[in-house]
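Right, one structure below, let's go through it.
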Number of protein chains: 2
Amino acid sequence: MSDPRVISLEKIKVACQNCSLASFCLPLGLKQGDIEKLDQIVKRSRPIQRGEGLFHIGEPFQNIYAVKTGSFKTFIQTEDGGEQVLGFHLPGELIGLDAILDNRHGCSAKALETSSICKIPFNQLEVLSTQLPSLQHQIFRLMSNEISKDTNMLMLLGNRSADERLATFLLSLSRRLAQRGFSATEFNLSMSRHDIASYLGLAVETVSRLFTRMQQDGLLKVDRKFVRLLDMERLDALCEKNPHCHGKQLLP
Amino acid sequence: MSDPRVISLEKIKVACQNCSLASFCLPLGLKQGDIEKLDQIVKRSRPIQRGEGLFHIGEPFQNIYAVKTGSFKTFIQTEDGGEQVLGFHLPGELIGLDAILDNRHGCSAKALETSSICKIPFNQLEVLSTQLPSLQHQIFRLMSNEISKDTNMLMLLGNRSADERLATFLLSLSRRLAQRGFSATEFNLSMSRHDIASYLGLAVETVSRLFTRMQQDGLLKVDRKFVRLLDMERLDALCEKNPHCHGKQLLP
DNA sequence: GACCGCACTTGATCCAGGTCAATATTACGT
DNA sequence: ACGTAATATTGACCTGGATCAAGTGCGGTC
């Protein structure tokens, strides 16, 4: 119908009503009419290039962000010039929830690839959520999820070996991608080895060695950014062998 | 006036209005009348003995808890019989916020000493907070605080040495106790060495050795559970030397 | 297509902190 | 007061993963 060379503005302006991520994101649990009200305060932005920042630590807090496409990392700069990566954010996940308390961002966020985002002015969201109990409930749920995600991460960093950490990380990505309709066994890592290492509390060299060793062991195949998980069984075993989490999985 | 041998029921039934913790806890920012409404859904409990559990991982989520006196730890049992400690909770801090998402507790909580708590049915709190915007706001703030607390912990576990971790932990305790009107330099550790080690991702032996080494270095004095911080300067230096957090301090 | 720069890999070495084992100290029940 | 169990300290040793130091290969530029 339309010329495929022309970028459709419709695609950028997808409303919450039609968004495929609605079932992970703020609209979950809302009635049709309520989604429309939410939709009116959401600002959809032009694409964000790889490496471009979303907000910087210390900046005043105005908006929370929902990833629409692509991926982001949140991080804190260390004084020696390094970065501590705090999290990776896939479509449907919210960024900025840690800033409510002191009205200032507690970390920085930047795009790992060309991405797009929905921007939601938090004070408007707060007002709206007093009017829509199910919206309030969903915000509570998402914040609660953020908290349990972090505590899982604590478990990971607190008492797991390097290979267990990497396996857990890969399976977490796999699961989140699968939820969003992508392949659970083949995907591209949008983040660098450095980012992965920092996130998992390891050295880059260790991550690199682990990838090659896991490949030798037939657990996976890795080529640059591209990963194919071959033996989910044994990868799972690496993750589950430790904590007795009553069916909980580590990492979101 | 009253017989001192008789335990005053008044003391147990302190209402939010008179509670000294109101400035950390849910009532912060509420008008007098609104505090009274909050007060009506809060259930105050009999004292809880050391070692007694508050809730157990996997149990259905009904209430959130605010520590009134004493202290608690939250933790997850590992299958080898050990525990991973997720956090310590002082008066005015909330427990259970991670359970909202899947309506089940994601960790267990138990008292570290004889303690008392306020129990708040979460669904009633949710209803009330749609009516009281400032209550909703305070819940958002407290949850946000929980998130940034955890991300700070990630930084700590991700890239800090053992002595930096212990120093950070001690100063965090010190600051939180001072906020609550206790001494910043002298206090009792209600948790065991084991708990501290688990929380900081270290071995018990390491924690023990660190205490003695820090004592030799004149940083502090430790006798069993009792700690006196002697050289705040150098303890601070141990914490701040690493991350460039724009004035943020690690740990709550 | 040749040069450059950066991300990644691989190898060699080292050490912080874990593990194992032997006391020491305290808390607690009888 | 005593015995037992839990908790904490101390010492000796070992190892996982950090650090240091070369390579290697890919993507971008002119």
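Chain letters run A, B, ... following the sequence lines, proteins first and then strands; every chain starts at 1.
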Distance only, no hydrogens: is a donor on one side chain within 3.5 Å (strictly under) of an acceptor on the other, for A:His89 and A:Ser71?
no
Side chain of A:Lys225 - closest among C:dC8, D:dT10, C:dT10
C:dC8
How long is the line joining [atom1] of [X] and [atom2] of [N], in whole Å?
{"X": "A:Phe211", "N": "C:dT9", "atom1": "CZ", "atom2": "C1'", "result": "12 Å"}
{"X": "A:Ile196", "N": "C:dA7", "atom1": "CD1", "atom2": "P", "result": "14 Å"}
{"X": "A:Glu83", "N": "C:dA7", "atom1": "CD", "atom2": "P", "result": "11 Å"}
{"X": "A:Leu166", "N": "C:dC8", "atom1": "CG", "atom2": "C1'", "result": "15 Å"}
{"X": "A:Arg160", "N": "D:dG17", "atom1": "CZ", "atom2": "P", "result": "12 Å"}
{"X": "B:Phe226", "N": "D:dA8", "atom1": "CZ", "atom2": "P", "result": "17 Å"}
{"X": "B:Asp163", "N": "C:dC15", "atom1": "CG", "atom2": "P", "result": "16 Å"}
{"X": "B:Asn159", "N": "C:dG17", "atom1": "CG", "atom2": "P", "result": "13 Å"}

Taking B:Arg160 for its side chain and B:Arg165 for its backbone only, find out whether a donor-acceptor pair lies under 3.5 Å.
no
Exam field: side chain A:Gln49 to backbone A:Glu113, donor-acceptor pair closer than 3.5 Å
no
Given axes from five pairs at either end, by how many degrees does the helix from C:dG1-D:dC30 to C:dT30-D:dA1 bend, rounded to 10°?
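For the helix from C:dG1-D:dC30 to C:dT30-D:dA1, the axes at opposite ends meet at about 50°.
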Could you give the distance from CG (B:Leu210) to CD1 (B:Ile196), rounded to the nearest 0.5 Å?
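Reported value, rounded in 0.5 Å steps: 10.5 Å.
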So, B:Phe55 versus B:Tyr65, ring centres under 6.0 angstrom or not?
yes
Quick one: what's the B/S/- string for nucleotides 18-30 of chain C, heavy-atom cutoff under 4.0 Å, read 5' to 3'?
SBB-----S----
Listed by chain and number, what are the side chain to side chain contact (heavy atoms under 4.5 Å, CB included) partners of A:Val204, not counting sequence neighbours?
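Partners of A:Val204 by the side chain to side chain contact (heavy atoms under 4.5 Å, CB included) criterion, ordered by chain and then number, come out as A:Arg193, A:His194.
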What do the steps show when you test A:Arg46 against A:Glu52 for salt bridge (Lys or Arg N to Asp or Glu O under 4.0 Å), and what is the final call?
CA-CA 12 Å; A:Arg46 58 170 177 70; A:Glu52 198 175 326; 3.2 Å; yes
If the plane angle is over 60° it's perpendicular, under 30° parallel, otherwise tilted; pick one for B:Phe169 and B:Phe88.
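It falls in the tilted class, 30° to 60°.
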Which part of the nucleic acid does B:Ser208 contact within heavy-atom distance under 4.0 Å: base, sugar-phosphate only, or nothing?
base
Does A:Glu186 form a salt bridge (Lys or Arg N to Asp or Glu O under 4.0 Å) with A:Lys221? I'd like the steps, not just the answer.
CA-CA 9 Å; A:Glu186 294 186 15; A:Lys221 186 136 179 5; over 6 Å; no
